[in-house]
Structure formats: C-alpha cells, structure tokens
Amino acid sequence: MKIAAQIVGLFGIACSLLSFQQKDRKRVMLFQMTASALFCIQLFMVGAITGGCIDSISFIRTVVFSQNDKKWASSPIWLGVFIVAMIVTGLLTWQNAWSILPILGSVLSTIALWMKKSSHIRGISLFVGPCWLVYNLVHGAYTGALNEVLAMTSIMIGIFRHDLKRKSKTENT
C-alpha cells in the first residue's frame, strides 16, 4: 500500500509542477484539480486522515474556483465557505499537532486560487509548500513531500519567467 501511495503521488507531482508553468488561469486550475485529487488519494492511503479530508475539500474548491467566470461561482461567499469548511474539517479529523499544517496550507491555497491573476496565485502558493512538506514527511507521503519541494521550485521559476521578467521589461520601456 505504501508503494502504491508513492506511485499515486508521482502522478500528482507531474500535475502540480505543470500547473505553475501555465500562463492561463484555467489551465493552472485544471492541473491543480488533478493534483489535488491524486494527493487526496495518496494521503488516505498513508493514513493521513486530516490531510486527505482537507484535500477532498480542496478538490471541490478548485472545481468551483475554476468556474469563477460564471455568476454562480464568482460569489465571494465561496471563499468563506471553503475556508470555514477546511478549518472545521481539520478540527473534526484532528489527529495530532501536525494537523494544523494542512489546515493552514489549505487556507492559504484557497486564498491563492481565489485570485484572478496567475502572478497572485504563484506568490501566495509559495507559502503553502512548507506546511504540506512537513505534514507529508511526518505521515510518510514522501512523494507528496517531494512534490512540495518541486512545486516551490516551480513556483519560483514561474515567478521569474512570468512575473519578474515581465515587470523588468515594462520598467525598461
């Protein structure tokens, strides 16, 4: 079961890394949805119940947020609904002190994915990684932990490629 969980995590890594290299918000969200579903499965497989439950909500959240160009999904109420759902779920499934990490990481991720600009998604997402990195290591979701290291690196590359380079070009013109 542990090896199978790591294999599921490898597929999650691929989706996560690809997400931060997308220019278009919809494509970022599509890859984030897939990664979220895969890491949710992995966390349940290694017995990390709090993280798995919160990642289940993260998947639903990303589906809704990816539709925010539609009236039903653009309400700011969704932001509050998902943040509250993650906090309550985290408290209801609390396993130990480490359970605070997926709660914090998911709340930050929720705020990031609510943003319309890809640059804001990348900037806030950079702070999500450390929470999930530690949580995954503690629970033996090693490919999930590797994903966080790679995702933070990918986010930094995306920030350089799409945000800092563009800012530098506009300042030079």
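These numbers come from the heavy atoms of this one structure, side chains and all, not from hydrogens, waters or symmetry mates.
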Distance-minimising heavy-atom pair for Arg122 and Ile155
O-CG2, 3.1 Å
Show the nearest heavy-atom pair for residues Gln67 and Trp72, with the distance to one decimal.
CB-CZ2, 3.8 Å
Going by side-chain contact (heavy atoms from CB on, under 4.5 Å), name the residues that satisfy it together with Lys117, two or more places apart in sequence or in a different chain.
Ser119, His120
Would Trp98 end up clustered with Ile87 when hydrophobic side chains under 4.5 Å apart are linked, directly or stepwise?
yes
Show every side chain to side chain donor-acceptor pair (under 3.5 Å) that has at least one partner inside residues 8-26, sequence neighbours left out.
Ser16-Asn147, Ser19-Gln32, Gln21-Ser154, Gln21-Arg161, Gln22-Arg27, Lys26-Asp69
Which residues pass the side-chain contact (heavy atoms from CB on, under 4.5 Å) test with Cys15, sequence neighbours left out?
Phe31, Thr34, Ala35, Leu38
Would you confirm whether Ser75, through its side chain, and Lys71, through its main-chain N or O, come within 3.5 Å as a donor-acceptor pair?
no
For the student: nearest non-hydrogen atoms of Ile103 and Gly90, plus distance:
CD1-CA, 3.6 Å
Tell me whether Ser109 contacts the main-chain N or O of Gly105 through its side chain, where contact means a donor paired with an acceptor under 3.5 Å.
no
Separation between CD1 (Ile13) and CG (Leu146), nearest 0.5 Å, reads 4.0 Å
About how many Å separate OG1 of Thr93 and CD1 of Ile54, when rounded to the nearest 0.5 Å?
5.5 Å
Same hydrophobic cluster for Leu101 and Phe127, using side-chain heavy-atom links shorter than 4.5 Å among ILVMFWY?
yes
Give a yes or no on whether Phe44 atom CZ has more than 12 heavy-atom contacts from other residues, nucleotides or ligands under 6.0 Å away.
yes
Side-chain donor-acceptor distances from residues 131-141 under 3.5 Å, at least two apart:
| from | atom 1 | to | atom 2 | distance (Å) |
| --- | --- | --- | --- | --- |
| Tyr135 | OH | Gly51 | N | 2.9 |
| Asn136 | ND2 | Trp132 | O | 3.0 |
| Asn136 | ND2 | Gly144 | O | 3.3 |
| His139 | ND1 | Tyr135 | O | 3.1 |

Shortest non-hydrogen contact from Leu43 to Asp55?
CD1-OD2, 3.6 Å
Once side-chain contact (heavy atoms from CB on, under 4.5 Å) is applied, do any residues pair with Ser99, and if so which ones, sequence neighbours excluded?
Thr50, Trp94, Gln95, Asn96
Does one hydrophobic cluster hold both Val107 and Ile100, with members joined at side-chain heavy-atom distances below 4.5 Å?
yes
To the closest 0.5 Å, what do you measure between CG (Leu126) and OG1 (Thr153)?
9.5 Å
Those residues that, when tested against Trp114, pass ring pair (Phe, Tyr, Trp, His ring centres under 6.0 Å) (two or more places apart):
Phe65
Establish whether Trp78 and Ile57 are linked, either directly or via other cluster members, by ILVMFWY side-chain heavy-atom contacts under 4.5 Å.
yes
Answer yes if Phe59 and Leu18 sit in the same cluster of Ile, Leu, Val, Met, Phe, Trp and Tyr residues linked by side chain heavy atoms under 4.5 Å apart, and no otherwise.
no
Shortest non-hydrogen contact from Thr110 toward Arg61:
OG1-NH1, 2.9 Å
Do the non-hydrogen side-chain atoms of Phe82 and Ile60 ever get within less than 4.5 Å of each other?
yes
Correct closest heavy-atom pair for Ala112 and Ile121 would be O-CG1, 3.2 Å
Donor-acceptor contact present, side-chain Thr62 to main-chain Met33, <3.5 Å:
no
Reported CD1-to-CG distance for the pair Ile157 and Leu164, which is rounded to 0.5 angstrom:
12.5 Å
Euclidean distance, Ser125 OG relative to Ile111 CD1, rounded to 0.5 Å:
11.0 Å
Examine distances only and state if a side-chain atom of Thr89 and a backbone atom of Met86 form a donor-acceptor pair shorter than 3.5 Å.
no
